[in-house]
Peer 1: 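My questions all concern the structure below.
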Amino acid sequence: MNPNEPLDNALLDFDLLSKLVVGIGEVSDITGVPQRQIRYWEEKGIIQSFKEGEGTTRKYDYLSIKKILLVKELLDDGFTLDAAAKKVEERMRIINEVFKKLADRSEPANE
DNA sequence: GTTCTCACA
DNA sequence: TGTGAGAA
């Protein structure tokens with residue numbers, strides 16, 4: 001973990017992460033958070049998922065997974081869901097900005 | 001495999 | 001706040 005973050009590596013990660021879409025089962029396996037808990041948090045509104053097309057199963061993208069991971073850490077730090085939700089929202093704001101920039105770089109209109 | 005609701009601690 | 005079980 002160097003203090004400087006090479007954008008080249010970030011671009012590779014972004015391409016991979018942006019395509020990462022999994023169900024609640026995968027998310028629970030990756031994050032280590034039980035499905036009930038994930039649904040529970042979503043029920044509280046601290047995280048949100050999306051249905052793909054007319055499907056019923058929840059789909060989680062990297063941002064959602066990141067949120068779940070963040071909430072998990074926050075809760076472990078002694079925060080409540082409400083407190084964690086606030087911090088998560090602020091964090092997501094920054095992450096969204098970075099992703100937007102990454103997306104812009106990842107889609108060069110021309111060589 | 002997933003979803004939901006009811007109930008309990 | 002988080003989990004159990006049953007049912008679809």
Side-chain angles (χ1 to χ4, degrees):
Chain A
M1 294 48 171
N2 293 326
N4 298 330
E5 293 189 305
L7 281 177
D8 289 19
N9 273 349
L11 287 177
L12 290 177
D13 285 337
F14 173 76
D15 189 53
L16 180 68
L17 297 175
S18 60
K19 292 180 179 175
L20 236 179
V21 177
V22 294
I24 188 169
E26 291 293 317
V27 178
S28 63
D29 185 53
I30 296 169
T31 63
V33 179
Q35 291 103 359
R36 330 299 171 101
Q37 208 165 347
I38 297 174
R39 263 197 239 117
Y40 183 72
W41 292 353
E42 189 177 349
E43 198 177 336
K44 302 310 177 190
I46 68 181
I47 61 168
Q48 67 282 330
S49 62
F50 62 93
K51 319 275 193 174
E52 200 169 55
E54 50 188 82
T56 53
T57 58
R58 292 176 171 83
K59 299 293 184 180
Y60 297 89
D61 58 358
Y62 174 70
L63 282 323
S64 299
I65 299 175
K66 192 90 182 181
K67 261 193 220 173
I68 297 172
L69 249 20
L70 190 54
V71 175
K72 180 184 170 69
E73 299 299 306
L74 258 33
L75 259 46
D76 187 61
D77 266 315
F79 291 95
T80 63
L81 276 180
D82 190 65
K86 292 183 184 179
K87 295 221 167 199
V88 170
E89 277 190 64
E90 265 186 62
R91 261 299 193 81
M92 293 310 291
R93 201 191 71 175
I94 306 298
I95 294 176
N96 267 298
E97 284 185 47
V98 175
F99 260 63
K100 188 174 183 180
K101 291 181 181 180
L102 255 35
D104 186 58
R105 288 169 177 268
S106 188
E107 292 179 354
N110 226 320
E111 170 59 33

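Note on naming: letters A, B, ... go to the chains in the order of the sequence lines (proteins, then strands), and numbering restarts at 1 for each one.
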Peer 1: Would you say A/Trp41 reaches C/dG2's phosphate, i.e. side-chain N/O to OP1/OP2 under 4.0 Å?
Peer 2: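 For C/dG2, OP1/OP2 do have a side-chain N/O of A/Trp41 under 4.0 Å.
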
Peer 1: Could you state the atom-to-atom distance from CZ of A/Arg39 to P of C/dG2 in whole Å?
Peer 2: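 Nearest whole value for this atom pair: 15 Å.
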
Peer 1: Starting at atom CD of A/Glu52, determine the distance to atom P of B/dT2, rounded to an integer number of angstrom.
Peer 2: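 From A/Glu52 CD to B/dT2 P: 14 Å.
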
Peer 1: Nearest of C/dG2, B/dC4, B/dT2 to any side-chain atom of A/Thr57?
Peer 2: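 Closest of the options to the side chain of A/Thr57: B/dT2.
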
Peer 1: In whole angstroms, how far is the P atom of B/dT3 from the CD1 atom of A/Ile24?
Peer 2: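 Between P of B/dT3 and CD1 of A/Ile24: 5 Å.
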
Peer 1: How many Å lie between CZ on A/Phe79 and C1' on C/dG2, as a whole number?
Peer 2: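 Result: 20 Å.
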
Peer 1: Would you mind reading off the distance between A/Arg36 atom CZ and B/dC6 atom P, rounded to a whole angstrom?
Peer 2: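 Taking CZ of A/Arg36 and P of B/dC6, I get 17 Å after rounding.
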
Peer 1: Do A/Phe99 and A/Lys66 have side chains that approach each other closer than 4.5 Å (heavy atoms only, starting at C-beta)?
Peer 2: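 A/Phe99 does not reach A/Lys66 side chain to side chain.
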
Peer 1: Under 4.0 Å: is that the gap between some side-chain N or O of A/Gln37 and OP1 or OP2 of C/dT1?
Peer 2: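 Looking at the OP1 and OP2 atoms of C/dT1, neither is under 4.0 Å from any side-chain N or O of A/Gln37.
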
Peer 1: State, without any angle test, whether A/Gln37 and A/Lys72 hold a side-chain donor-acceptor pair at a distance under 3.5 Å.
Peer 2: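 Side chains of A/Gln37 and A/Lys72: no pair found under 3.5 Å.
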
Peer 1: Verify the contact: side-chain N or O of A/Arg58 to OP1 or OP2 of B/dT2, cut-off strictly under 4.0 Å; return yes or no.
Peer 2: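 The answer is no; no side-chain N or O of A/Arg58 sits under 4.0 Å from OP1 or OP2.
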
Peer 1: Can you tell me which nucleotide in B/dT3, C/dT1, C/dG2 comes closest to the side chain of A/Leu75?
Peer 2: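 So the nucleotide nearest the side chain must be C/dG2.
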
Peer 1: Distance check, rounded to the nearest 0.5 Å: A/Leu63 atom CG versus A/Arg91 atom CZ?
Peer 2: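 Here the rounded value is 12.5 Å.
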
Peer 1: Rounded off to whole Å, could you give me the CD1-to-P distance for the A/Ile47 and C/dG2 pair?
Peer 2: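 That distance rounds to 11 Å.
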
Peer 1: Tell me the interatomic distance from A/Ile46, atom CD1, to C/dT1, atom P, rounded to whole angstroms.
Peer 2: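 From A/Ile46 CD1 to C/dT1 P: 9 Å.
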
Peer 1: Whole angstrom is fine here: how far is it from CD1 in A/Ile38 over to P in C/dT1?
Peer 2: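 The distance from CD1 of A/Ile38 to P of C/dT1 comes to 17 Å, rounded to the nearest Å.
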
Peer 1: Check whether any side-chain heavy atom of A/Ile65 lies under 4.5 Å from a side-chain heavy atom of A/Val22, and answer yes or no.
Peer 2: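 Yes. Closest side-chain heavy atoms under 4.5 Å.
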
